[in-house]
Each structure stands twice: as C-alpha cells, then as structure tokens.
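Inspection log for the structure reproduced underneath, given as structure tokens.
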Amino acid sequence: HQAHPFFGAQQQGITTPRPAVGMLASFDVLATDQAGLERLLRTLTERIAFLTQGGTYEQRDPRYPPVDSGILGPSIDPDGLTITLSVGASLFDDRFGLDAVKPRHLQRMVAFSNDALDADRCHGDISLQFCANTEGTTIHALRDIIKNTPGMLMLRWKQEGTVPVMAPRSDGSTESARNYLGFRDGTANPPADNSGLMQKVVWVDDSNQEPEWARNGSYQAVRIIRNFVERWDRTPLQEQEAIFGRRRDSGAPMHGGIEHDLPVYDNDPDGKVTPLDSHIRLANPRTHGSERNLILRRPFNYSNGVEANGQLDMGLLFIAYQADLEAGFITVQKRLDGEPLEEYIKPVGGGYFFTLPGVQAGDYLGSSML
Ligand code: HEM
C-alpha cells in the first residue's frame, strides 16, 4: 500500500526512488483558451491526487458506463504510483497567452547529429510520467486520466519501460540495474536522496533566473533511444567496455575497483585506460566546472516488438531532470555527439518539457503559471 505524498513544494516522481515500471505519455491540449487550460489542470490535479493515494470508486447507476476501467477492481492501491506533470514549449504559443511566462530554456527539441526523429513520437503540450511497482497501475492511471479529460486532452505518443528494482546485497552494498546493452546504468547518478545536491542539480531556484512561478520546477528531457542489440551482441567485450568506459560485469571503472568507485582521469590524460571518447568520459569529463552539467537520470528499458527487418525494437526510455536544460542535457548530449556508442543506438523520439512546481492541498498544479 505504498503511497508517495502528492502535496509538497516539488512534484513526486523525480527524486522518488525509481520503481520497476515507467511510462511517459505525451498529450496535446485541446482547450483553446486559458479558462479551458485551467479546467484541465484542475482535473489533472484532482485525478493525480486520487490515483496516487488510492481509494474506492463509487459505482454509479448501471445504466451508465462504469466510472473507471475496472482493471484494478473497485478499490485501487497506490502501488508506489507517482504521476509527474510537465509542459512543453508549445503550451506557451499564442493559444493561452502564456508567452511572457515561458521558462527561460524551454524549447522544442531539435535533432542531434545521430538522431532519426519520428514526428509521431516527439514533443507535445503536456507530458505525464507514470511510475509504479506494477504495469496494471500505470495503465489504469493513464486510462483514468484519459476518461476524465474528454475534449481537453488528446494522447500523442507514449513509451513504456521497466527496470528491475535491486535489493541491497547481503553486505549492505548496492548495485545498479542493467540496461539492454548489458551494462549497469545509473552508477554515477547524483544521489537523489541528497537534497542539498538535488537543489543544485534538479530544482529551479533563485540562481536560475527563471520566472518566479517556475521555482521548484525542473526541466525534463525525454529521449526514446533504440539499441541495435543484435549488432551489440556480436561486438567483442573489450570494445563494449571501451565504448562505455566501464567494466561490464561489475560496472567498475576501467582502472578497477568496485561499481561505485569514481573514475579518475587525472593520471590518464591520453585515455589509455578510459578512452577519451568513451561514453562516461564524454558525458562527464570530471574537469573543473563540469559539475555544472550534472543531470539526474531516471531511465527505463523498453522492448516494443519487431522491426520490419526482423530486428528487435528495444532500447532506453531516457528521462533526465535538471535545473538548467542548456547546462544539463543539451550540453551533455552535444559532448556525446559522435561518440562510438552511436553505432549501436538511434534516438527516435522524445521532447523537452518543464516539470511544474509542486502543489499544496486546495490548489492545482500550474496555478502560479496562469
Ligand atoms: C553513464 C548507458 C544515453 C548521460 C552511463 C553508463 C552507462 C550508460 C552504461 C555508466 C554507468 C552510469 O554511471 O550510469 C547509456 C545508454 C544510453 C545512454 C545505453 C543510450 C541508449 C545517455 C544520454 C545521456 C547520458 C542520452 C545524456 C545526454 C550519461 C551520464 C553518465 C552516463 C551523465 C554518467 C557519467 C559519469 O558521471 O561518469 N550511461 N547512456 N547517457 N550517461 Fe549514459
């Protein structure tokens, strides 16, 4: 019966520990004026508050459709559900008169050099990130929201993913789950339970020169990144490790140790141990000042089906949060442009969103923006 608090200064689902199941759904807003947008935000707030805390649906007159999909039964368990509401740059176009309050770095995602973006899986006025212990809970929540927003919201695309939750080992040490390329993923993430660090890395505050209302919000970067797993599985282990810059089995740095030992590059200026173009060294060179580019990653592995050529359609639903989209995701991705890993990955979708600040009881998400 695990319920995460919904009311608070910041939204849930960002620094909340990542559960096994995730889904990112992107929507277009059908409302055409600010009053309609307010109605939508009030409805979303009310549904998220109910779904994440759980409860019982009151069945109405059987001559009407049931109040919910019923897939969890009449009573719903919170099941660790978090729902995180974010808005895209397109919400600040002339429909709602919000141009003047747009977050400073919010922009439409443009393709990076290795991207093959599929227009049907990009952008959106609103994103909802659903995370829970089981898939039935995220699907139920999505269907509840769709049912309660007729004429207000239209689904544009969605991507689901999963990741095993790793129990601590018997000696108390922790290990990160693996992605579909077989490597531990999340090792060097800034720890989400360090609230001082999260204040710098993730949450917008006075230092970010954002509109007043945006404080305690965050930028959400979403990327659907396909992995060419058949090709990867035929690649020598030493090449795989050189591409990431870590050991596959342990997740340790190339110079040895255990997974959570930090990589040290000072005595390796030519990249003889950890290649200069390895994924981790490009993503975070650990040079003076590069801590400004830290991001909080919260990815899920996805497995969708089969491509027309018989290849598996699987990869990484990459989701990252940061207080400054330019200094965070965009800078890191530009450094990664051209990395050797590109031979095995293809970003096909996603978008940039701004995660609204949290909400107090009686208020609604986004009220300070309107
Ligand atoms: C680290 C995999 C995409 C940013 C890592 C690690 C792996 C990995 C295995 C090392 C373990 C760890 O610290 O988590 C992948 C895969 C990707 C992908 C398979 C695509 C399918 C990205 C993207 C970004 C990114 C798009 C951001 C633009 C980072 C960062 C680190 C990292 C910042 C930590 C580096 C450090 O601090 O040492 N990734 N990654 N990754 N990745 Fe990725």
Side-chain angles (χ1 to χ4, degrees), residues 18 109 111-115 117 159 161 163 166 174-192 197 201-202 219-229 231-232 235 240-255 257-265 268 274-287 290-303 313-322 325-352:
R18 180 184 57 177
M109 182 178 76
F112 293 88
S113 54
N114 186 43
D115 291 9
L117 298 177
Q159 180 61 60
V163 77
M166 308 296 282
T174 58
E175 56 185 332
S176 304
R178 294 175 187 278
N179 57 37
Y180 281 157
L181 298 183
F183 279 67
R184 296 188 185 281
D185 199 327
T187 307
N189 232 2
L197 187 58
V201 173
V202 169
Y219 287 92
Q220 178 191 59
V222 181
R223 304 270 285 168
I224 302 173
I225 308 177
R226 215 188 128 199
N227 294 171
F228 300 128
V229 295
R231 188 185 294 174
W232 184 254
T235 299
Q240 294 188 0
E241 293 185 333
I243 284 173
F244 279 119
R246 282 186 177 271
R247 298 288 177 203
R248 187 175 82 150
D249 286 359
S250 61
M254 295 300 276
H255 47 71
I258 59 165
E259 185 197 342
H260 290 287
D261 286 339
L262 293 178
V264 177
Y265 305 135
D268 180 26
T274 310
L276 299 177
D277 61 2
S278 62
H279 182 72
I280 66 163
R281 197 156 175 180
L282 288 174
N284 183 1
R286 296 177 188 272
T287 46
S290 64
E291 68 282 352
R292 278 190 1 95
N293 311 118
L294 286 175
I295 61 179
L296 180 67
R297 291 170 288 141
R298 193 184 166 87
F300 293 89
N301 301 326
Y302 75 81
S303 175
D313 178 9
M314 47 174 68
L316 194 69
L317 170 58
F318 177 94
I319 306 174
Y321 293 92
Q322 53 260 289
L325 182 66
E326 286 286 350
F329 175 79
I330 292 176
T331 299
V332 176
Q333 181 55 59
K334 281 183 181 157
R335 284 203 299 248
L336 289 172
D337 280 354
E339 64 172 329
L341 179 62
E342 285 185 349
E343 198 182 332
Y344 303 92
I345 64 174
K346 188 57 73 180
V348 294
Y352 300 149

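Because the structure is predicted, anything quoted here is derived from the model rather than measured. The chain is numbered in sequence order, starting from 1. Order of listing sets the numbers, starting from 1, for every ligand and every atom in it. Note: hydrogens, waters and symmetry copies are ignored here, and every other heavy atom, side chains too, is used.
- Of the protein's non-hydrogen atoms, Gly186 N, 2.5 Å is the one closest to atom 14 (O) of ligand 1.
- Between the side chain of Gln322 and the backbone N or O of Ile295 there is no donor-acceptor pair closer than 3.5 Å.
- Looking at Asn227 against ligand 1, only its side chain comes within 4.0 Å, counting heavy atoms.
- Residues Arg18 and Phe300 have side chains in contact (heavy-atom distance under 4.5 Å, counting atoms from C-beta outward).
- Taking any N or O of Ile225, backbone or side chain, none lies under 3.5 Å from an N or O belonging to ligand 1.
- Contacts between Leu294 and ligand 1 below 4.0 angstrom, taking non-hydrogen atoms only, are absent altogether.
- When only non-hydrogen protein atoms are considered, atom 42 (N) of ligand 1 lies nearest to His279 NE2, 3.0 Å.
- If you look at Arg223 next to ligand 1, there are no close heavy atoms at all, none under 4.0 Å.
- Counting only distance, with no hydrogens or angles, the side chain of Asn301 and the backbone of Gly161 share no donor-acceptor pair below 3.5 Å.
- Counting only distance, with no hydrogens or angles, the side chain of Arg298 and the backbone of Ile319 share no donor-acceptor pair below 3.5 Å.
- Remark: minimum distance from atom 33 (C) of ligand 1 to any protein heavy atom is reached at Ala283 CB, 3.7 Å.
- Atoms of ligand 1 found under 4.0 Å from any heavy atom of Asn179 (numbered from 1 in listed order, with element): 2 (C), 9 (C), 19 (C).
- Proximity of a side-chain donor or acceptor of Glu241 to a complementary backbone N or O of Met254 within less than 3.5 Å is not detected.
- Here is the list of ligand 1 atoms found below 4.0 Å of a heavy atom in Leu336: 23 (C), 24 (C), 25 (C), 27 (C), 28 (C).
- When atom types are taken as modelled, the side chain of Asn179 and the backbone of Leu181 share a donor-acceptor pair closer than 3.5 angstrom.
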Checklist line | Asp313 vs Tyr302, side-chain contact (heavy atoms from CB on, under 4.5 Å): CA-CA, chis, key distance, verdict | finding: CA-CA 8 Å; Asp313 178 9; Tyr302 75 81; 3.7 Å; yes
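- Atoms of ligand 1 lying under 4.0 Å from any heavy atom of Val332, numbered from 1 in the order shown and given with element: 27 (C), 28 (C).
- From the protein, the heavy atom lying nearest to atom 9 (C) of ligand 1 is Arg184 O, 3.3 Å.
- Contact annotation: for Thr187 versus ligand 1, heavy atoms closer than 4.0 Å belong to both the backbone and the side chain.
- Selection from Tyr344, Phe244, Tyr265, Tyr180 by nearest heavy atom to atom 7 (C) of ligand 1 gives Phe244.
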Next item on the list: Quick one: do Thr235 and Glu343 satisfy side-chain contact (heavy atoms from CB on, under 4.5 Å)? Show the steps, please.
Entry: CA-CA 11 Å; Thr235 299; Glu343 198 182 332; over 6 Å; no
Next item on the list: Carefully, step by step, assess Glu259 and Thr187 under the rule side chain to side chain donor-acceptor pair (under 3.5 Å).
Entry: CA-CA 7 Å; Glu259 185 197 342; Thr187 307; 2.7 Å; yes
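- The shortest N or O to N or O distance between Ile345 and ligand 1 is not below 3.5 Å.
- Counting heavy atoms under 4.0 Å from ligand 1, residue Leu316 touches it through the side chain alone.
- No side-chain heavy atom of His279 sits under 4.5 Å from any side-chain heavy atom of Phe183.
- Regarding atom 26 (C) of ligand 1, its nearest protein heavy-atom neighbour is Gln333 OE1, 3.4 Å.
- Interface of Asp185 with ligand 1, defined as ligand atoms under 4.0 Å from a residue heavy atom, comprises 2 (C), 14 (O).
- Taking only nitrogen or oxygen atoms, main chain and side chain alike, Asn284 reaches within less than 3.5 Å of ligand 1.
- Atom 38 (O) of ligand 1 has its closest protein heavy atom at Arg286 NH2, 2.9 Å.
- Applying the 4.0 Å criterion to heavy atoms of Arg246 picks out, from ligand 1, the atoms 10 (C), 11 (C).
- Residue, atom and distance of the protein heavy atom nearest to atom 13 (O) of ligand 1 are Ala188 N, 2.9 Å.
- Classified by interplanar angle (parallel below 30°, tilted 30° to 60°, perpendicular above 60°), the ring pair Phe318/Phe329 is tilted.
- Listed here is the closest heavy atom pair of Ile330 and Tyr352: CG1-OH, 3.7 Å.
- The option from Phe183, Phe112, Phe329, Phe318 that lies nearest to atom 23 (C) of ligand 1, judged by heavy atoms, is Phe318.
- An N or O contact shorter than 3.5 Å links Arg297 to ligand 1 by distance.
- Annotation: Arg292, atom CZ; neighbour count of heavy atoms from other residues, nucleotides and ligands within 6.0 Å does not exceed 12.
- Not a single donor-acceptor pair under 3.5 Å links the side chain of Asp261 to the backbone N or O of Pro253.
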